[in-house]
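For reference, the structure is listed below as structure tokens.
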Amino acid sequence: MIFNRHVFRDTLGETVFVVPERYSNLVPKGVGAQGMVCAAYDTITQQNVAIKKLSRPFQNVTHAKRAYREFKLMKLVNHKNIIGLLNAFTPQRSLEEFQDVYLVMELMDANLCQVIQMDLDHERMSYLLYQMLCGIKHLHSAGIIHRDLKPSNIVVKSDCTLKILDFGLARTAGTTFMMTPYVVTRYYRAPEVILGMGYTENVDIWSVGCIMGEMIRGGVLFPGTDHIDQWNKIIEQLGTPSQQFMSRLQPTVRNYVENRPRYPGYTFERLFPDVLFPSDSSEHNRLKASQARDLLSRMLVIDPERRISVDDALLHPYINVWYDEGEVNAPAAGPYDHSVDEREHTVEQWKELIYQEVMEYESSHGGATAPSPNATNSTEPTNSSGAENNGMR
Ligand code: AMP
């Protein structure tokens, strides 16, 4: 099997991609908490793909659990609004040498951070939100509650199709201390996550509300520097929640929350005034703006017991124009084995588990990295000349 080596340089250093020769024209697309993503051309299927490199995913327990969970879930879930796995491989040929995992996915054009900056009309905005809700509903049907949806983990194509890239927080995500220079964005996390309460499916509606509000306002709604600052930003705008909500908090959190200054909050007409909506003054646009504001006011509700559900959001007049039974109620994915989230392993054990998963994938997808007829059986990455020229500057 022949692997080619592609080197990318940027201000943070050098990233090397070692991929089977079937993948050509590698171009960096983005960097996330786990590593770099490149666009590439798959010469076998003749389609453009995205390749994500998980560098030493077992380097610490947090990374390992996340990589293992993501890989398992990508294999399990199958929905047009969730990113699909096309291939997976490692260039290393033994557990001892094992270093990196590469995940090959469908290639999309941009992440939602880039789209939020644009002036979206109601048609595009409602279609994007509809697809997010379909993807979320599908995750929920497999027993996966995301809790960490954010624009950088949602990707879109120029035809306005949308896919969710990741599977959010594991059930036991309490100790996610990570030694990486990558800053974790928490602006989209729901009050029940920030305040460490129990949660149900509509925890993900809060994030959709934050994303929708940002599309309209053109800026992050609750850009807290930490949980405390973020809670302040939420209550300043939406108002101090009811006593009934406070009574459900753990004693220490309740004590803190109850001792904050009380805020009356603003109406949604003040938070999202008419000028922020598409300027065309046609009757259709005015109707759409008021529907959009109504939906926002039902999603951005601090108390989850009063917040709209995913099913009701899909039926809301702003969204239901896109309703398609096959997309909304696509067959549920096989149930996710949550014991994965609870597992505690050493780094060495994680390394072996992840390696086994990759090997199992490679053998069950026989020929996923199939050698070409005249390939040598080399395990050594070969240097593809010219690839170095792909380097990021
Ligand atoms: P991640 O490591 O999954 O958080 O991805 C980091 C960034 O890479 C994203 O914010 C996107 O900009 C980009 N990206 C990831 N996957 C894809 C994909 N399948 N298609 C296009 N861009 C992607």
Side-chain angles (χ1 to χ4, degrees), residues 6 8 10 12 15-17 19 23 25-42 45 47-57 59-60 62-75 77-89 100-118 128 131-132 135 139 144 146-170 173 176 178 180-189 207 210-211 214-215 220 354 390 392:
H6 305 254
F8 305 104
D10 65 12
L12 288 175
T15 306
V16 180
F17 267 59
V19 301
Y23 299 111
N25 302 347
L26 271 71
V27 177
K29 271 297 262 190
V31 182
Q34 298 160 295
M36 188 188 265
V37 178
C38 278
Y41 180 69
D42 183 347
T45 60
Q47 63 174 345
N48 292 319
V49 294
I51 307 181
K52 175 149 114 176
K53 177 182 180 181
L54 309 180
S55 301
R56 294 181 56 80
Q59 60 186 272
N60 62 46
T62 310
H63 263 84
K65 207 178 211 182
R66 187 180 165 150
Y68 185 77
R69 181 172 182 269
E70 176 170 344
F71 191 33
K72 279 258 180 207
L73 287 171
M74 265 190 153
K75 289 198 276 184
V77 172
N78 176 21
H79 187 273
K80 66 204 278 191
N81 300 123
I82 310 285
I83 201 77
L85 187 66
L86 301 175
N87 193 6
F89 58 86
D100 309 313
V101 178
Y102 292 82
L103 303 178
V104 182
M105 305 162 279
E106 300 144 306
L107 179 67
M108 304 291 280
D109 291 323
N111 71 32
L112 213 59
C113 306
Q114 295 150 292
V115 176
I116 281 180
Q117 309 296 322
M118 307 185 335
L128 292 172
Q131 294 174 88
M132 271 178 235
L139 290 181
I144 304 156
H146 195 294
R147 289 184 292 147
D148 198 26
L149 280 164
K150 49 186 141 189
S152 59
N153 287 341
I154 298 174
V155 278
V156 290
K157 265 200 187 150
S158 53
D159 63 2
C160 216
T161 51
L162 172 148
K163 291 180 197 282
I164 297 171
L165 269 186
D166 74 328
F167 302 93
L169 305 176
T176 48
M178 248 205 262
T180 95
Y182 180 85
V183 181
V184 180
T185 309
R186 299 170 204 269
Y187 306 150
Y188 307 88
R189 292 194 182 166
S207 313
C210 291
I211 293 171
E214 188 170 332
M215 286 171 167
V220 177
I354 296 172
N390 278 339
M392 272 159 80

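Quantities reported herein were computed from a predicted structural model and do not represent experimental measurements. Counting convention: from 1, in listed order, for ligands and their atoms alike.
- For ligand 1, the atoms sitting less than 4.0 Å from at least one non-hydrogen atom of Val31 are 6 (C), numbered in the order shown with element in parentheses.
- Ranked by closest heavy atom to atom 9 (C) of ligand 1, the top entry among Cys113, Ser152, Gly30 is Ser152.
- No side-chain N or O of Tyr187 forms a donor-acceptor pair with one of Glu214 less than 3.5 Å apart.
- Near Gly32, meaning under 4.0 Å from any of its heavy atoms, are these atoms of ligand 1: 2 (O), 4 (O), 6 (C).
- Residues Lys80 and Thr161 form no side-chain contact, since every pair of their non-hydrogen atoms from C-beta on lies 4.5 Å or further apart.
- Proximity of Leu149 to Met132: side-chain heavy atoms (C-beta onward) are nowhere separated by under 4.5 Å.
- Between Lys52, Lys29, Gln34, Met108, it is Lys52 that holds the heavy atom closest to atom 3 (O) of ligand 1.
- At a 4.0 Å heavy-atom cut-off, ligand 1 touches Asn153 through the side chain alone.
- Arg189 is listed as a side-chain neighbour of Asp148, based on a closest heavy-atom distance under 4.5 Å.
- Residue-to-ligand polar distances place Asn111 within reach of ligand 1: an N/O pair is separated by less than 3.5 Å.
- Proximity to Ala50 (heavy-atom distance under 4.0 Å) selects the following atoms of ligand 1: 18 (C), 19 (N), 20 (N).
- Using a cut-off of 4.0 Å between Lys/Arg side-chain N and Asp/Glu carboxylate O, Glu70 and Lys52 are scored as salt-bridged.
- Taking a 4.0 Å cut-off on heavy atoms, Ile83 registers as neighbouring ligand 1.
- Between Tyr102 and Asn87 there is no side-chain heavy-atom pair separated by less than 4.5 Å.
- Only the backbone of Glu106 comes within contact range of ligand 1, with a heavy atom under 4.0 Å; no side-chain atom does.
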